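All values derive from a computational prediction rather than experimental measurement.
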Amino acid sequence: MARLLQKDHKQNCAKGKLFKMLKLLKYFFYLLVVAAIAFVGFAYLGPFFGVDFSAHMQTIELPLALDIN
């Protein structure tokens, strides 16, 4: 009888650890979704707050000598 109870206890502990891990993964997934929404929101709303995302453009002229005979 004690062995059966001990076996059930080990299985229940394993199930409990599995559910804790799944719960942790669920919250991590929620955190990723919220972070993605915040990132996209910042990309759209950044210019309203004075953040400039445009690339700095500069004209560069280089001389090129072609050796054509």
Side-chain angles (χ1 to χ4, degrees):
M1 180 76 171
R3 286 187 180 181
L4 289 175
L5 291 176
Q6 188 178 16
K7 187 176 181 181
D8 284 340
H9 178 70
K10 286 182 181 180
Q11 288 176 347
N12 288 337
C13 286
K15 286 181 184 178
K17 288 180 183 179
L18 176 67
F19 287 126
K20 286 182 184 179
M21 181 60 78
L22 290 176
K23 195 175 194 180
L24 180 67
L25 288 174
K26 179 177 73 170
Y27 288 136
F28 183 68
F29 177 74
Y30 289 157
L31 180 67
L32 284 177
V33 169
V34 169
I37 291 170
F39 185 72
V40 170
F42 180 69
Y44 278 110
L45 299 176
F48 292 116
F49 298 116
V51 180
D52 185 21
F53 294 120
S54 63
H56 301 289
M57 295 174 31
Q58 178 182 357
T59 303
I60 299 174
E61 295 181 15
L62 297 174
L64 178 64
L66 298 175
D67 294 329
I68 299 175
N69 293 333

When you compare the side chain of Leu64 with that of Leu62, does any pair of heavy atoms fall below 4.5 Å?
no

Any side-chain heavy-atom pair of Lys23 and Phe19 under 4.5 Å
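No, their side chains stay 4.5 Å or more apart.
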
Are Tyr27 and Met21 grouped together when hydrophobic residues (ILVMFWY) are joined by side-chain heavy atoms under 4.5 angstrom apart?
no

If hydrophobic clusters are built by linking Ile, Leu, Val, Met, Phe, Trp and Tyr wherever their side-chain heavy atoms come under 4.5 Å apart, do Phe29 and Ile37 end up in the same one?
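Linked within one cluster.
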
Distance in Å, Leu24 CG paired with Phe28 CZ, rounded so as to fall on 0.5 Å steps:
9.0 Å

Kindly compute the distance separating CG (Leu25) from CG (Leu32), expressed to the nearest 0.5 Å.
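Nearest 0.5 Å value for the CG-CG distance: 10.5 Å.
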
Heavy-atom pair with the smallest gap, counting every atom of Phe53 and Gly46:
CE1-CA, 3.9 Å

